[in-house]
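Here is the structure we will look at.
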Amino acid sequence: MPELPEVETVRRGLQPVFVGARFLHVEKRRPNLRFPFPERFVERLLGRRVTSLERRAKYLLAELDSGETLAMHLGMSGSFRIVAEGAPATVASEAFHFPRSKASEHDHVVFDFDNGARVVYNDPRRFGFMKLIPTDDLYLDPLFADLGLEPLSDRFTAEKLSAILHAARGPLKATLLDQKRIAGLGNIYVCEALHRARLSPERPAVSAPPGKAKALHGAIRDVLEEAIAAGGSTLRDHRQADGELGYFQHAFAVYDREGAPCPRKGCKGTIKRIAQGGRGTFYCPKCQT
DNA sequence: AGAGCTACCTGAAGGC
DNA sequence: TGCCTTCAGGTAGCTC
């Protein structure tokens with residue numbers, strides 16, 4: 001599922017339930033997701049209070065009062081849903097007026113909090129994973145040590161992007177997907193940002209004209225911000241934490257639109273699908289050069 | 001060091 | 001209807 005906007009949407013939905021709450025009961029229904037759960041996973045969570053819920057790249061980070069942080073990655077098909085039973089009225093009125101998905105054989109983890117809320121992690125493909133990391137050393141952990149810039153942070157500037165493109169060797173698509181350079185973009189939003197900047201995904205990153213770095217920088221930020229505002233993109237699995245769908249898929253210019261007319265004003269092109277690194281790339285060969 | 005590929009897993013969709 | 005193939009929002013861990 002989830003690229004940065006989907007993970008950020010989930011974070012915002014979970015934050016009022018997680019932060020300040022203690023784990024009253026934790027149910028782990030299988031020994032592993034993509035990787036085995038950490039040793040004594042349940043014991044290390046029970047009784048701990050969540051002091052913050054942040055996001056880095058496509059990871060959710062629940063900081064605990066034990067000095068550890070629970071890092072969670074949703075893989076391709078992971079989702080969290082808040083189950084209403086026992087939730088306090090203040091939370092329920094905000095978050096529970098949408099229909100919720102039913103219990104499923106792919107519900108792998110259940111968190112019960114002392115505020116009455118129950119949060120269920122569902123992941124059919126089980127590419128997601130959870131890890132407990134000492135908070136003080138969080139960014140020394142191999143998961144985070146080499147991650148690149150947060151594209152919505154102040155540190156991600158047009159100049160930094162220009163330097164990234166100049167130092168890269170591969171095509172633009174692969175460069176923007178590389179989490180060590182920019183952290184949080186995935187297949188959808190790379191395709192969409194490149195279309196907005198009128199750059200071909202096949203063009204060598206190093207060949208992007210200097211002025212184009214600025215356009216691409218703006219396109220990346222705009223598409224991510226618009227997608228977050230729309231609750232992310234629901235293709236199959238993504239749900240907001242309250243069960244509501246994301247809506248940004250209706251705003252796609254190119255992703256999953258092979259054969260459709262290019263939506264750019266005045267462009268008579270047709271969206272094409274190619275394979276890059278074994279993954280689908282969608283773009284308009286007419287206006288993206 | 002870095003680029004490129006495979007593997008992990010289930011389910012949906014399309015061709016025959 | 002059923003069987004087979006292909007594809008899907010990601011990335012760790014191999015090769016070369």
Side-chain angles (χ1 to χ4, degrees), chain A residues 1-11 29-37 55-60 71-80 101-102 104-108 121-131 133 141-148 151 164-194 201-202 204-206 220 223-224 227-228 230-240 245-252 254-259 273-282:
Chain A
M1 128 192 174
E3 305 182 28
L4 187 155
E6 288 74 35
V7 178
E8 179 59 23
T9 295
V10 170
R11 189 195 69 79
R29 296 188 172 168
R30 51 175 302 123
N32 64 297
L33 295 171
R34 180 173 180 183
F35 306 114
F37 280 94
R55 178 191 57 73
R56 171 77 169 109
K58 302 171 191 171
Y59 291 87
L60 289 170
M72 299 171 280
H73 196 289
L74 304 179
M76 289 280 268
S77 62
S79 64
F80 283 98
S101 55
K102 292 186 296 188
S104 123
E105 61 179 315
H106 300 302
D107 290 346
H108 303 308
Y121 179 70
N122 182 282
D123 188 352
R125 296 178 72 179
R126 304 201 303 276
F127 287 172
F129 55 92
M130 299 187 186
K131 186 171 184 181
I133 303 165
D141 188 277
L143 287 180
F144 301 103
D146 298 325
L147 277 182
I164 287 167
L165 299 182
H166 191 72
R169 262 181 279 169
L172 273 171
K173 168 88 183 290
T175 303
L176 298 182
L177 274 179
D178 183 353
Q179 303 296 299
K180 292 180 168 60
R181 296 183 164 107
I182 303 168
L185 295 177
N187 211 24
I188 293 176
Y189 298 104
V190 165
C191 290
E192 293 296 317
L194 286 170
E202 297 191 283
V206 72
I220 289 169
V223 75
L224 293 177
I228 291 168
S233 302
T234 297
L235 301 183
R236 280 166 290 278
D237 301 293
H238 170 62
R239 292 290 185 284
Q240 305 190 43
L245 304 172
Y247 291 94
F248 192 73
Q249 66 279 11
H250 302 299
F252 288 169
V254 291
Y255 186 81
D256 207 18
R257 296 191 68 245
E258 182 182 18
R273 181 191 187 279
I274 61 172
Q276 280 180 297
R279 318 191 59 197
T281 296
F282 299 87

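Residue numbers start from 1 in every chain, and the chains themselves are labelled A, B, ... in the order their sequence lines are given, proteins ahead of strands.
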I'd like the P distance from C:dT11 over to B:dA1, given in whole Å. 22 Å
Could you state the atom-to-atom distance from CG of A:Asp237 to C1' of B:dG11 in whole Å? 9 Å
Give a yes/no verdict on base stacking between C:dT11 and A:Phe127: centres under 5.5 Å, planes within less than 30° of parallel. no
A:Leu177 CG to B:dG2 P, in whole Å, measures 18 Å
From B:dT10, C:dG9, C:dT11, pick the nucleotide closest to the side chain of A:Arg125? B:dT10
Contact class for A:Phe248 (heavy atom, under 4.0 Å): base, sugar-phosphate, or nothing? nothing
Between A:Glu192 (CD) and C:dG9 (P), how many Å, whole number? 12 Å
Under 4.0 Å, counting only non-hydrogen atoms across every strand here, what does A:Gly186 touch: a base, just sugar-phosphate, or nothing? sugar-phosphate
Atom P, compared across B:dC9 and C:dC14: separation rounded to whole Å: 16 Å
Starting the side chain at C-beta, find the nucleotide from B:dG11, C:dA12, C:dG10 nearest to A:His106. B:dG11
Donor-acceptor pair between A:Asp237 and A:Ser79 side chains, under 3.5 angstrom: no
Separation of C:dA12 atom P from A:Leu143 atom CG, nearest Å, is 6 Å
So, do A:Tyr189 and A:Tyr255 have ring centers that fall under 6.0 Å from each other? no
With nearest nucleotides of DNA chain B determined for A:Gly278 and A:Glu105 from heavy-atom distances, which residue corresponds to the more 5′ nucleotide? A:Gly278
Using a cut-off of less than 4.0 Å, is there contact between a side-chain N or O of A:Lys58 and OP1 or OP2 of C:dG9? no
Heavy-atom side-chain contact between A:Leu172 and A:Pro201 under 4.5 Å: no
Parallel under 30°, tilted from 30 to 60°, perpendicular over 60°: which one fits the rings of A:Phe80 and A:Tyr121? tilted
Atom-pair distance (CG on A:Asp123; P on B:dC8), nearest Å: 16 Å
Does A:Glu8 reach the main-chain N or O of A:Ile228 with its side chain, forming a donor-acceptor pair under 3.5 Å? no
Can you confirm whether A:Asp256 sits close enough to A:Arg273 that some side-chain heavy atom of one is under 4.5 Å from a side-chain heavy atom of the other? no
Can you tell me the Watson-Crick or wobble partner of B:dG14, both distances under 3.5 angstrom? C:dC4
Should A:Arg34 be listed as having a side-chain N or O under 4.0 Å from OP1 or OP2 of B:dT10? no
Regarding A:Tyr247 and A:Gln240, do their side chains bring together a donor and an acceptor under 3.5 Å, going by distance alone? no
Polar side-chain contact A:Arg279-C:dA8 base: donor and acceptor under 3.5 Å: no
P atom, C:dC7 versus B:dC5: distance in rounded Å? 15 Å
So does A:Arg126 reach the base of B:dT10 with its side chain, donor to acceptor, closer than 3.5 Å? no
For A:Tyr189, report the nucleic acid contact type (base, sugar-phosphate, nothing); a contact means any heavy atom under 4.0 Å. nothing
Comparing A:Thr281 and A:Phe129 on DNA chain C - which has the more 5′ nearest nucleotide: A:Thr281
Which one, C:dA8, C:dA12, B:dA3, comes nearest to the side chain of A:Arg181? B:dA3
Using OP1 and OP2 only, check whether a side-chain N or O of A:His73 sits under 4.0 Å from C:dG10. no
Just how far, in rounded Å, is P of B:dT10 from CG of A:Leu74? 18 Å
Pair of N/O donor and acceptor under 3.5 Å linking C:dG9 base with A:Arg236 side chain: yes
A:Arg169, nearest nucleotide to its side chain (from B:dG2, C:dC7, B:dG11): B:dG2
Can you tell me how far C1' of B:dA1 sits from CG of A:Asp146, to the nearest Å? 12 Å
What is the distance from CE of A:Met130 to P of C:dG10, rounded to the nearest Å? 18 Å
